[in-house]
Amino acid sequence: MYMNRKAKALGVNWRHKRSSDVFLSWIPRVNIFITMRNHSIVSEFILLMLSADPQTQILLFMLFLVIYVLTLMGNLVMLLVIRTDSHLHMPMYFFLRQLSFLDLCHPTVTVPKMLENLLSESKAIFVESCLAQAFFVFATGGTEACLLAVMAYDRYVAISSPLLYGQVMSNQLCVGMVWGSWGLAFVDALINILLAVNLDYCEDQTLPHFSCELSSLFPLSCSDTSTNFTLLLCSSVLHFFGTFVMIVFSYVRIVSTILSISSTSGRSKAFSTCSSHLTTVILFYGSGFLSYLLPTSGSRLEMVFLKYSVVTPMLNPLVYSLQNKEVKTAMRRILRRYVNSFT
């Protein structure tokens with residue numbers, strides 16, 4: 001009697017089914033449960049390095065450690081010079097200070113873990129850490145794209161309306177544009193990451209990069225990633241391509257204004273104020289577009305991505321210190337001040 005009641009509760013008709021048939025009917029449910037458990041137990045990803053040779057990895061560790069230290073030193077010096085020298089308390093250098101801070105943050109998200117994995121045998125990163133890394137890579141990269149667009153507008157105002165430059169580029173407007181750049185990038189990154197958190201991952205745990213990127217996580221997922229891919233594509237088009245279009249539009253207006261200047265020396269002086277920013281834009285978008293648009297992964301793609309996320313932040317302080325006369329003059333003043341203080 002008790003077994004019949006239990007069978008009815010389970011939806012089983014004991015008169016028409018044998019016990020073996022009932023047992024077999026539960027197997028698909030058990031398989032589904034095991035499959036779901038297999039998807040959820042993936043706790044780590046394996047990051048592929050540029051080389052599997054231990055000696056080559058040691059050389060790469062030393063190379064990227066030197067690059068990272070130079071990046072930290074160069075950008076810290078830029079922050080110190082701009083903050084210390086009162087002649088650089090202008091909108092252009094306010095934005096440059098924010099760029100230097102971003103060039104400290106962006107490689108710090110990926111390079112320390114890359115250096116650790118170069119000396120480690122496991123090359124592993126927790127799924128949660130990978131998602132956090134992908135979030136900050138997206139957020140800092142997006143902020144830098146917005147900031148470069150803001151700096152392009154700043155250069156346009158400085159060249160087209162030099163007499164009204166201080167009035168147009170007020171302190172309130174500059175602070176608002178910087179906060180807007182940070183806010184827009186972080187919201188964009190947060191939406192993409194929150195959608196990626198719910199993905200289930202299969203047994204293949206190998207990421208074909210030295211760091212975590214959202215686009216590289218999708219092929220490892222057993223879930224439907226069409227929505228994630230569509231959102232990431234829309235974000236990239238609206239955010240990165242959108243800011244690129246704004247920069248191009250600003251420079252079209254800048255070139256038009258420069259060509260209208262009658263004197264050759266005036267045109268040369270006007271263009272020199274944009275040369276540093278234009279070089280930074282080419283480095284950032286050139287390597288960035290290549291790293292995201294190349295269809296296949298491999299050593300060539302890894303080198304492009306390394307230039308985008310590791311080498312470019314090191315080059316930006318050099319570009320602004322070597323091509324900008326005011327920055328070089330400020331550095332000389334600070335050096336003389338420190339030398340005189342010790343003599």
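One is the number of the first residue; the rest follow in order along the sequence.
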Q: Within a reach of under 6.0 Å around CZ of Phe101, are more than 12 heavy atoms found that belong to other residues, nucleotides or ligands?
A: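 Counting neighbours around CZ of Phe101, 12 or fewer heavy atoms of other residues, nucleotides or ligands fall under 6.0 Å, so no.
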Q: With distance as the sole test, does His277 use its side chain to make a donor-acceptor pair with the main-chain N or O of Arg155 at under 3.5 Å?
A: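 No; judged by distance alone, with no hydrogens or angles, the pair does not exist.
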Q: Tell me, yes or no, whether the heavy-atom count around Lys328 atom NZ, taken from other residues, nucleotides or ligands under 6.0 Å, exceeds 12.
A: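 Yes.
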Q: Please check if the side chain of Ser223 supplies one atom and the backbone of Asp200 the other of a donor-acceptor pair under 3.5 Å.
A: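 Such a contact is found between Ser223 side chain and Asp200 backbone.
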Q: Do Thr257 and Ile254 pass the side-chain contact (heavy atoms from CB on, under 4.5 Å) test, and can you show the C-alpha distance, the side-chain angles, and the key distance before you say yes or no?
A: CA-CA 5 Å; Thr257 303; Ile254 288 171; 5.8 Å; no
Q: To the nearest 0.5 Å, tell me how far Met78 CE sits from Asp103 CG.
A: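 It comes to 10.0 Å.
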Q: Looking only at atom types and distance, does a side-chain atom of Ser221 sit under 3.5 Å from a main-chain N or O of Tyr201, one as donor and one as acceptor?
A: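 Flag not set: sc Ser221 to bb Tyr201 has no pair under 3.5 Å.
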Q: Using every non-hydrogen atom in the two residues, find where Arg97 and Ile82 come nearest and quote the distance to one decimal.
A: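 Looks like N-CD1, 3.8 Å.
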Q: Consider only side-chain heavy atoms of I, L, V, M, F, W and Y, link residues closer than 4.5 Å, and tell whether Val111 and Leu119 are in one cluster.
A: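 Yes, one cluster joins them.
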Q: Taking atom CG of Leu148 and atom OG1 of Thr143, what is their separation to the nearest 0.5 Å?
A: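 With rounding to 0.5 Å, CG (Leu148) is 11.0 Å from OG1 (Thr143).
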Q: So does Ser272 get a backbone contact from the side chain of Ser275, meaning a donor-acceptor N/O pair under 3.5 Å?
A: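 Pair found, side chain donor or acceptor close to backbone of Ser272.
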Q: Going through the checks in order, is the side-chain contact (heavy atoms from CB on, under 4.5 Å) test met by Met331 and Val77?
A: CA-CA 9 Å; Met331 286 183 174; Val77 167; 4.1 Å; yes
Q: Under 3.5 Å, side chain of Asp154 to main-chain N/O of Met169, donor-acceptor pair present?
A: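 Not at all, since once roles are kept as given, no pair shorter than 3.5 Å links the two residues.
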Q: Can you confirm whether Arg253 is buried at CZ, in the sense that more than 12 heavy atoms of other residues, nucleotides or ligands lie under 6.0 Å from that atom?
A: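 Open: at most 12 neighbouring heavy atoms sit under 6.0 Å from CZ of Arg253.
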Q: Indicate, with yes or no, if Leu80 and Leu70 share a hydrophobic cluster defined by side-chain heavy-atom contacts under 4.5 Å among Ile, Leu, Val, Met, Phe, Trp and Tyr.
A: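 Not linked; separate clusters.
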Q: Please test Leu72 against Leu104 for side-chain contact (heavy atoms from CB on, under 4.5 Å), starting from the C-alpha separation and ending with a verdict.
A: CA-CA 6 Å; Leu72 295 181; Leu104 284 175; 3.6 Å; yes
Q: For His87, look at atom NE2 and say whether over 12 heavy atoms of other residues, nucleotides or ligands are found less than 6.0 Å away.
A: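 Not more than 12 within 6.0 Å, no.
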Q: For the atom pair CG (Asn228) and CG (Leu232), what is the distance rounded to the nearest 0.5 Å?
A: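 Taking CG in Asn228 and CG in Leu232, the distance rounds to 8.5 Å.
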Q: Does some side-chain heavy atom of Leu102 sit less than 4.5 Å from a side-chain heavy atom of Leu147?
A: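 Answer yes - side chains close enough.
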Q: I'd like to know if the side chain of Asp188 reaches the main chain of Leu184, judged simply by a donor and an acceptor atom lying under 3.5 Å from each other, with no hydrogens or angles considered.
A: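 It does not hold such a pair.
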Q: For a 4.5 angstrom cut-off between non-hydrogen side-chain atoms, does Leu217 reach Leu131?
A: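 SC-SC contact between Leu217 and Leu131 confirmed.
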Q: The test is side-chain contact (heavy atoms from CB on, under 4.5 Å); show your working for His106 and Val137 and say whether it passes.
A: CA-CA 6 Å; His106 190 72; Val137 167; 4.1 Å; yes
Q: Check this for me: Tyr153, atom OH, are more than 12 non-hydrogen atoms of other residues, nucleotides or ligands nearer than 6.0 Å?
A: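 Atom OH in Tyr153 is not packed in, count stays at 12 or less.
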Q: Are Val252 and Phe271 linked, directly or through intermediate hydrophobic residues, by side-chain heavy-atom contacts shorter than 4.5 Å (ILVMFWY only)?
A: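 Same cluster: Phe271 reaches Val252 through Ile, Leu, Val, Met, Phe, Trp or Tyr contacts under 4.5 Å.
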Q: Has Phe136 got more than 12 heavy atoms of other residues, nucleotides or ligands less than 6.0 Å from its CZ?
A: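 No, because the 6.0 Å sphere around CZ of Phe136 holds 12 heavy atoms or fewer from other groups.
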Q: Hey, could you give me the OG1/CG distance between Thr56 and Leu63, rounded to the nearest 0.5 Å?
A: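 Here the rounded value is 12.0 Å.
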Q: Going by the angle between their ring planes, with limits at 30° and 60°, are Phe244 and Tyr285 parallel, tilted or perpendicular?
A: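 Aromatic pair Phe244/Tyr285 classed tilted.
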Q: State whether the side chain of Gln133 and the backbone N or O of Cys212 hold a donor-acceptor pair below 3.5 Å, judged by distance alone.
A: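 Yes: the side chain of Gln133 pairs with the backbone of Cys212.
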Q: Do you know the tightest heavy-atom contact between Ser235 and Phe138?
A: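 Scanning both residues completely, I find the closest heavy atoms to be CB-CZ, 4.1 Å.
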Q: How close do Gly142 and His239 get, heavy atom to heavy atom, and via which atoms?
A: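 Nearest heavy atoms, Gly142 then His239: O-NE2, 3.0 Å.
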Q: Within the 3.5 Å criterion, strictly below it, is a donor on Tyr68 or Thr108 matched to an acceptor on the partner's side chain?
A: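 The criterion, which ignores hydrogens and geometry beyond distance, is satisfied for Thr108 and Tyr68.
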Q: Taking all atoms of both residues into account, what is the closest heavy-atom pair of Ser181 and Val150, and its distance?
A: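 So the two residues come closest at OG-CG2, 3.9 Å.
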Q: Leu231 and Leu195: which non-hydrogen atoms are nearest, and at how many Å?
A: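 Residues Leu231 and Leu195, closest heavy atoms: CD2-CD2, 3.8 Å.
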Q: Quick one: does any side-chain atom of Lys123 pair with a main-chain N or O of Leu47 as donor and acceptor, under 3.5 Å?
A: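 Not confirmed, Lys123 side chain does not pair with Leu47 backbone.
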Q: Looking at CG of Asp85 and CZ of Arg332, how far apart are the two atoms once the value is rounded to the nearest 0.5 Å?
A: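 Asp85 CG to Arg332 CZ: 12.0 Å, rounded to 0.5 Å.
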Q: Within a strict 4.5 Å, meaning less than it, do heavy atoms of the Asn171 and Phe94 side chains meet?
A: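 The answer is no, as the side chains (C-beta and beyond) never meet within the 4.5 Å cut-off.
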Q: Is the shortest side-chain heavy-atom distance between Ile159 and Cys274 below 4.5 Å?
A: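 Touching, per the 4.5 Å side-chain cut-off.
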Q: For the backbone of Val81 and the side chain of Thr84, can you confirm whether one donor and one acceptor N or O come within less than 3.5 Å of each other?
A: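 The answer is no, because no donor-acceptor pair under 3.5 Å joins these two groups.
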Q: Could you state whether Leu79 and Leu335 fall into the same hydrophobic cluster, counting links through intermediate Ile, Leu, Val, Met, Phe, Trp or Tyr residues with side-chain heavy atoms under 4.5 angstrom apart?
A: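 Leu79 and Leu335: separate clusters.
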Q: Quick one: which of Ser216, Cys130, Ser129 gives a side-chain contact (heavy atoms from CB on, under 4.5 Å) with Phe45?
A: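 Single side-chain contact (heavy atoms from CB on, under 4.5 Å) partner of Phe45 among Ser216, Cys130, Ser129: Cys130.
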Q: Honestly curious: do Phe135 and Ile191 fall in one hydrophobic cluster under the side-chain, below-4.5 Å linking rule?
A: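 They do not share one cluster, since no chain of ILVMFWY contacts under 4.5 Å joins Phe135 to Ile191.
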Q: Would a 4.5 Å heavy-atom cut-off, applied to side chains only, mark Leu96 and Leu99 as touching?
A: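 Side chain of Leu96 against side chain of Leu99, heavy atoms only: contact under 4.5 Å found.
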Q: At their closest point, which heavy atom of Ala124 faces which heavy atom of Asn117, and how far apart are they?
A: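 For Ala124 and Asn117, the tightest heavy-atom pair comes out as O-OD1, 3.9 Å.
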Q: Supply the atom-to-atom distance Leu283 CG to Asn316 CG, rounded to the nearest 0.5 angstrom.
A: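 Going from CG on Leu283 over to CG on Asn316, the span is 6.5 Å.
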